[in-house]
Visitor: 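Here it is, the structure in full.
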Amino acid sequence: MKTIVSPSLLSANFLDLKSDVEMINRSEADWLHMDIMDGVFVPNISFGFPVLEAVGKYCQKPLDVHLMIVHPENYIDQVAKSGAMLMNVHYEACTHLHRTIQQIHDAGMKAGVTLNPATPVSVLEDIITDVDLVLLMSVNPGFGGQKFIENTIGKLKRLRELIDKSGSKALIEIDGGVNGETAPRLVKAGADVLVSGSYVFKAQTPEDVIHHLKEL
């Protein structure tokens, strides 16, 4: 299976989102990653549901929605209404994670769980067979363009072992510092999905960069 590429809209040109979404539509990108930040769970504010819904109507690729917010369970219906394919919530933000996963599935979406850099993969042992995807943050969440955290490689290998041992069908997604140097190492270690923001959207030819990531 070729690597799934999910460019992050956080690094797009917010004065001309339509052009960047058109580029995604033309490209070999599989999904479009949407980071919603509230300024509480992470120290930044990105965009909200009006932007998510507008992009959802125009984008021809499935929306990979990552909620970096407190109480994400309160917004499941709004994310589903946008047409999202997958809703991703942080382990650290969910008091009742199993219930939240069930509610996401009941709303007709795939369910993902994100782990911050300091959160061990062992916390997922009792939920791993219920989720469709696990996202490992390879930078501290909140801002694009950060340096890749090297410990992510070992953490990724441990997560791959957990998934294989449990029989889970969950995909492994990586977000943060994904570029031409780190991407091949991540795929080799077991990553299925690569989220890339600055490396894609700041490139002279973003579609070529996406093609390169797809070929890994």
Side-chain angles (χ1 to χ4, degrees), residues 1-37 42 44-68 79 82-88 110 112 114 133 135-150 152-153 156 171-216:
M1 184 181 75
K2 285 190 176 183
T3 304
I4 295 171
V5 178
S6 187
S8 174
L9 196 75
L10 190 65
S11 296
N13 180 358
F14 279 74
L15 283 178
D16 194 8
L17 277 183
K18 185 176 180 180
S19 293
D20 278 347
V21 173
E22 287 175 343
M23 181 276 292
I24 294 295
N25 287 344
R26 293 192 306 268
S27 76
E28 296 177 63
D30 300 277
W31 304 343
L32 179 60
H33 192 80
M34 306 282 286
D35 288 309
I36 297 181
M37 306 176 184
V42 293
N44 194 13
I45 295 173
S46 58
F47 49 80
F49 293 105
V51 172
L52 177 62
E53 291 179 10
V55 171
K57 291 177 182 177
Y58 198 71
C59 186
Q60 298 168 7
K61 305 297 174 80
L63 298 186
D64 167 22
V65 180
H66 178 193
L67 268 63
M68 301 183 188
V79 175
S82 74
M85 173 272 298
L86 182 142
M87 176 174 166
N88 206 318
K110 293 184 181 298
T114 301
L133 177 144
L135 169 56
L136 297 182
M137 292 300 303
S138 44
V139 298
N140 286 296
F143 298 93
Q146 296 184 63
K147 185 178 179 181
F148 180 79
I149 296 173
E150 282 297 326
T152 305
I153 298 293
L156 169 54
L171 297 176
I172 300 176
E173 184 174 45
I174 307 294
D175 184 4
V178 175
N179 55 38
E181 188 274 325
T182 59
R185 296 164 57 205
L186 290 166
V187 172
K188 184 177 179 180
D192 302 297
V193 186
L194 298 178
V195 175
S196 187
S198 302
Y199 182 58
V200 169
F201 284 101
K202 306 306 181 187
Q204 287 190 336
T205 53
E207 291 173 70
D208 290 344
V209 172
I210 292 170
H211 173 75
H212 171 70
L213 293 173
K214 281 292 299 176
E215 292 299 312
L216 293 176

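One-based numbering along the sequence shown. The model shown is predicted, which means the values in this text are computed figures rather than measured ones.
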Visitor: Would V42 and D35 count as a side chain to side chain contact (heavy atoms under 4.5 Å, CB included) if you check the C-alpha gap in whole Å, the side-chain angles of each, and the deciding distance to 0.1 Å?
Guide: CA-CA 11 Å; V42 293; D35 288 309; over 6 Å; no
Visitor: Distance-only, no hydrogens or angles: does the D192 side chain make a donor-acceptor pair with backbone N or O of I172 under 3.5 Å?
Guide: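 Looks like yes, one N/O pair under 3.5 Å.
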Visitor: Testing the basics here: between S8 and V195, what is the closest heavy-atom pair and its distance to 0.1 Å?
Guide: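 That would be CB-CG1, 3.8 Å.
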Visitor: Between H33 and V193, is the side chain to side chain contact (heavy atoms under 4.5 Å, CB included) condition met? List the steps.
Guide: CA-CA 11 Å; H33 192 80; V193 186; over 6 Å; no
Visitor: Testing D30, D64, D175 for side-chain hydrogen bond (donor to acceptor under 3.5 Å, both in side chains) with S6, which one passes?
Guide: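 Going through the options one by one, the only one that passes is D64.
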Visitor: Supply the atom-to-atom distance I210 CD1 to F201 CZ, rounded to the nearest 0.5 angstrom.
Guide: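 So the gap between those two atoms works out to 6.5 Å.
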Visitor: Check L10 against F14 and note the closest heavy-atom contact, atom names and distance.
Guide: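 Taking L10 first and F14 second, the nearest heavy atoms are O-CE1, 3.5 Å.
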Visitor: Taking all non-hydrogen atoms of both residues, which atom of G180 and which atom of P184 are closest, and how far apart?
Guide: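 So the two residues come closest at O-CD, 3.3 Å.
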Visitor: Quick check: closest heavy atoms across D20 and N13, and the distance to 0.1 Å?
Guide: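 Minimum heavy-atom contact is OD2-N, 2.7 Å.
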Visitor: Output, in order, the C-alpha distance, side-chain angles, deciding distance and verdict of side chain to side chain contact (heavy atoms under 4.5 Å, CB included) for T114 and M137.
Guide: CA-CA 7 Å; T114 301; M137 292 300 303; 3.6 Å; yes
Visitor: Could you tell me whether K61 atom NZ has more than 12 heavy atoms of other residues or ligands within 6.0 Å of it?
Guide: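 Atom NZ in K61 is packed in, count exceeds 12.
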Visitor: Heavy atoms only: give me the nearest L156-G190 pair and the separation to one decimal.
Guide: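 Heavy atoms only, the tightest pair is CD1-C, 4.0 Å.
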Visitor: Rounded at 0.5 Å granularity, tell me how far CG in L9 sits from CD1 in I24.
Guide: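 So the gap between those two atoms works out to 8.0 Å.
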Visitor: Would you say S196's side chain and V178's backbone share a donor-acceptor pair under 3.5 angstrom?
Guide: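 Looks like yes, one N/O pair under 3.5 Å.
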Visitor: Would you check if the side chain of S27 reaches a backbone N or O of E207 as a donor-acceptor pair within less than 3.5 Å?
Guide: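 Not confirmed, S27 side chain does not pair with E207 backbone.
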Visitor: Any donor and acceptor pair, going by atom type alone, linking the side chain of T182 with main-chain N or O of G177 inside 3.5 Å?
Guide: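 It does hold such a pair.
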Visitor: Given I4 and L194, is the side chain to side chain contact (heavy atoms under 4.5 Å, CB included) satisfied, shown in steps?
Guide: CA-CA 6 Å; I4 295 171; L194 298 178; over 6 Å; no
Visitor: Check whether any side-chain N or O of N179 sits under 3.5 Å from a backbone N or O of Y199 as a donor-acceptor pair, and report yes or no.
Guide: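 Not a single qualifying donor-acceptor pair exists.
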Visitor: Is there a donor-acceptor pair closer than 3.5 Å between any side-chain N or O of K110 and the backbone N or O of M87?
Guide: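 Side chain of K110 to backbone of M87, a donor-acceptor pair under 3.5 Å: no, none is there.
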Visitor: For S11 and S198, which heavy atoms make the closest approach, and how far apart are they?
Guide: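 Closest pair (atom of S11, atom of S198, distance): OG-N, 3.1 Å.
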